[in-house]
Amino acid sequence: MQFKNTVVPMIAISVLLLSLTACPAQPAVIPTSTTPAAPTQGGKLIYGLTLVPSGIDPHVNASSELGIPLTSVYDTLVYQTTDGDFVPGLATEWEISDNGLVYTFHLRRDVTFHDGTPFNAEAVKFNLNRIADPETKSQKAVLMLGPYDHCDVVDEYTVKVFFREPYAPFLDSLSQVYLGMASPTAVQKWGADYQMHQVGTGPFMFKEYVPKDHLTLVRNPNYNWAPSIFTHQGPAYLDEIEFRFFADPATRALALESSEAHVIGEIPPQDAARLAKNPSFRIVPVPIPGQPLQAFLNTAKFPTDDLRVRQALLYATNRQAIVQTIFREYSPVAWGPLSAVTWGYDDSVVGMYDYDPDKARTLLDEAGWQDTNGDGIREKDGQPLAVMAYLMSWGYIPEVATMLQAQWREVGVDFRSEQVAYPAALEAARLGKHNLIMFNLAGSDPDLLRGFFRSDANFNWAKINDPQLDALLDEGARVRDSDKRQTIYADIQARIMDQALIIPIRDYVNLNGMSIAVQGLIYNPQGWFPWLYEVWLAGTGE
Amino acid sequence: MVQYIGKRLLAAIPVLWGVATLVFLAIRLVPGDPAEVILAQSGGSSASLAQLRTQLGLDGPLYVQYVRFLSDALRGDLGRSIFTNRPVIQTISEQLPHTVQLALAAMVIAIVLGGVLGSIAALKSGSWIDTLCMILAVIGVSTPVFWSALLLILLFTTTLHWLPATGQGDLRHLIMPALVLGLASSGTIARLVRSSLLEVLNQEYIVVARSKGLSESRVVLRHALRNALIPTVTVIGLQFGFLLGGAVVTETVFSRQGMGRLIVDAILWKDFPLIQGIVLLSAALYTLVNLVVDVSYAFLDPRIRHE
């Protein structure tokens, strides 16, 4: 290989490639005038996303980020209110058979897709079948569809959905963008490239997606079927929404301050505290339902196979200090396997294992762990009390780990950790090499616990094998009566905490920073996804 | 000559095959499974990991996957990204121009800045100006890119409102990222220009030029600098690789498109087809560039003949 003079041909090639680039962009204008009373029509909103979604077809891909723009492109058959009730969307009403196996939906008759295709029962069937088709390679939607069997078109505006077994989370799934209704015409026309040409029935139309740069939506002028969760009918207020990507957390607050975006999520807590003092901005913390940030304790590996050791670790964890130091009080302390805003959350877990280092010491004494050599770490049978953690690098996990290490040392536990890439952490957890692994997953239905605590679950990182817990988790997925369901999930949460399978740390809160010009922005019950239909910009004068 | 090019092209085949094999094996030796990464995003309660592996073509024995990969690559098909499901070639061709644009702009800044600093230092060798220039060069080399990037954003965007902090588009979007990247590289170039210029200035032909009564500027520009640039140009070529690497951080901080983020994300997420595609295309490009360089010697320097 010759290295000499490579610069000349490289420059020649580069110039060639350079001439191929073309990237138009306009700087955003953020007005800061006072708030008028009535919504203003028009204007362009710049919405900052925090990571580039891996793929953006909601039926195919699994990223939470894709839902932020696409919730405005797709309507769903039902909508979920922030109280957790389901209200009509593209379906005006629905019946569920007594055995819970058949859902009949009556559809709106006045809806057309952005490409003019009429919305009807055939379209619903097409969409559900597309998701269920193995060829689609759905990564998330197919799981949300559960034990779906097939779909029957009864008449043009009535459709029956059949399940192989009862599936309680179905309406919750249906209310999310992953099961949004896409135009059958567009899906068939574009095939594998559909994600770049998406067509729904929502208040905004997909205009352009340049990966890693921007995604643009424009107002759907024909929109006249807004669900009752909104206060107005007809087209949306904004002309256009441009989503841009701000992968580096350090630049998000700067981008708001320099008017390069009106709204950005996942502002780092320390920047949020600073922005909150600036009258031109507000911080909107949105609690995310699902799992809190939690540490799974491996019940199959020494020394966390001992219940007393696991309980001691819980008592030795000062969550209040973690929340104050790392999350600047923006996140509530978590007490159980579900965050407080999740449907089915049971508050009897609150206060369990409150910080009590003395109790931790007593438990470790009882379990036979003593510091015999005076190094500050307890031993038993010549083995030090060491726990091994595999750390992923996101979600402040390394920072939390640093605090845990200091806190646990106080009671004589040696916290050892290795920071690894995400796939490697998942593999270590699957193979059970860990004593502890931290993780959190968003989701509005408590059925997500099944993927983590059932004995045969893919992500059973506590390595728990509890037939009674398995039975409860299965029942929770089947039972439709919401009171009964609530009781089941209360039992599940208690059972998980009684066995000290996890150390809950903090409920996940998305810190959204926004210009005060942004009006009418609300977030759907999943917390991640903004409803942009009623957003308007104060003082744009457009 | 044609025979020479033919031979070299034939020699490139085992090189590319070796690269393809190495990257195929290396990324599979690192722990982690892309199917698991996908499932972890959705909880994946009822899905079996095995089913997803089959869908993604990650199931069969390694040699089957290897043969499939090689035969597809031979037909010019690098597959689709596991995570975006978009063709690898299309993904790369979208991102490459942005990184090349950034690296080129940074290169220009590095050469101009490094050349000027280095020349001044050499001409004023031993004086306080020389010391100052070299201190600046050391600062340039040792300042982390992410730090200087944030400082520039604070100054030019937040305080002065002159330049946009993020994104891409017109020249204004390019100034800060190119400056940050160029500064880091200019230090190295300045030090090199200084030392090679010093060496040349002591040569006899410079003494001759001066004794002929040529003006100092003519001596420096026409006789000294031109000869001093030969080793520098070689290093500039190497620096181009450094710039492409430095683009990773720069692209992230300034929210720019580009290869930097693409390759890092691909590796972090274990997107096998994308990693393979990027490495293979880079290797092919590099092999080609080397061939062009070697062939061009014959035209540039009549004394060299490829027989």
Side-chain angles (χ1 to χ4, degrees), chain A residues 1-11 13-15 17-18 20-21 23-25 27 54-55 60 62-63 134 137 139-140 142-143 146 192 195 211-213 244-248 250-251 254-255 257-258 260 421-424 426-428 430 441 443 447-448 450-452 454 457-459, chain B residues 30-34 36-47 49 55-56 83-86 91 94-98 100-101 103-104 150 153-154 157-158 161 164-169 173 233-234 236-238 240 252-255 257-258 261 268-270 285 289-290 292-294 296:
Chain A
M1 288 263 169
Q2 304 252 1
F3 285 90
K4 267 190 292 174
N5 280 343
T6 51
V7 70
V8 178
M10 280 191 108
I11 286 179
I13 289 170
S14 312
V15 168
L17 289 167
L18 193 62
L20 299 172
T21 46
C23 9
S54 45
V60 178
S63 134
K137 298 181 184 174
Q139 299 167 359
K140 179 165 181 146
V142 71
L143 305 175
Q195 61 171 319
K212 291 178 187 283
D213 193 56
R244 294 187 44 204
F245 304 100
F246 298 90
D248 183 7
T251 57
L254 288 174
E257 287 168 312
S258 60
E260 281 169 50
Y422 186 49
L426 293 179
E427 181 168 306
R430 171 161 48 85
L441 185 69
D447 184 41
L448 97 159
R450 203 151 46 111
F452 291 86
R454 213 186 180 287
N458 286 319
F459 305 107
Chain B
V30 178
D33 176 353
E36 201 167 34
V37 171
I38 288 172
L39 270 190
Q41 284 184 303
S42 49
S45 55
S46 54
L49 209 53
Q55 280 181 10
L56 297 173
F83 291 91
T84 66
N85 197 30
R86 301 185 63 225
T91 306
E94 277 168 4
Q95 302 298 328
L96 188 63
H98 297 288
V100 170
Q101 182 193 41
L104 268 184
L150 287 176
I153 294 178
L154 270 178
T157 309
T158 316
H161 301 289
T166 56
Q168 47 226 115
H173 288 90
V233 165
T234 312
I236 288 173
L238 294 175
F240 200 76
T252 309
V253 177
F254 292 102
S255 303
Q257 290 177 273
R261 292 291 308 168
L268 285 179
W269 292 75
K270 299 209 73 176
L285 197 69
V289 165
N290 269 292
V292 173
V293 169
D294 288 352
S296 68

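What you see is a predicted model; the values in this text were computed from it and never measured.
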Part of E94(B) lying under 4.5 Å from any heavy atom of chain A:
side chain
Which atoms form the tightest heavy-atom contact between S258(A) and A165(B), and what is the distance?
OG-CB, 4.4 Å
Please state whether the side chain, the backbone, both or neither of I153(B) comes within less than 4.5 Å of a heavy atom of chain A.
side chain
Flag the pair Q257(B) / F245(A) as yes when at least one side-chain heavy-atom distance between them is below 4.5 Å, and no otherwise.
no
For a quick test of reading the model, state the closest non-hydrogen atom pair linking A247(A) to T252(B) and the distance between them.
CB-CG2, 4.4 Å
Could you tell me which non-hydrogen atom of P31(B) sits nearest to which non-hydrogen atom of E427(A), and how far apart they are?
CB-OE2, 3.5 Å
P211(A) and R86(B), any side-chain heavy atoms less than 4.5 Å apart
yes
Side chain proximity check, R244(A) to T166(B), heavy atoms < 4.5 angstrom
yes
Could you check whether any side-chain heavy atom of Y422(A) comes within less than 4.5 Å of a side-chain heavy atom of V37(B), counting everything from C-beta outward?
yes
Set out, in order, the CA-CA distance, both residues' side-chain angles and the distance that settles side-chain contact (heavy atoms from CB on, under 4.5 Å) for E260(A) and T157(B), then state yes or no.
CA-CA 10 Å; E260(A) 281 169 50; T157(B) 309; 3.6 Å; yes
Any donor-acceptor pair under 3.5 Å from Q195(A) side chain to T84(B) backbone
yes
Under a 4.5 Å cut-off applied to non-hydrogen side-chain atoms, are D213(A) and H98(B) in contact?
no
Report the option among V253(B), T158(B), L154(B) that has the most heavy-atom pairs separated by less than 4.5 Å from atoms of chain A.
V253(B)
A40(B) versus L426(A), closest heavy-atom pair with distance
CB-CD1, 3.9 Å
side-chain contact (heavy atoms from CB on, under 4.5 Å) between Q139(A) and L39(B), intermediate numbers included
CA-CA 7 Å; Q139(A) 299 167 359; L39(B) 270 190; over 6 Å; no
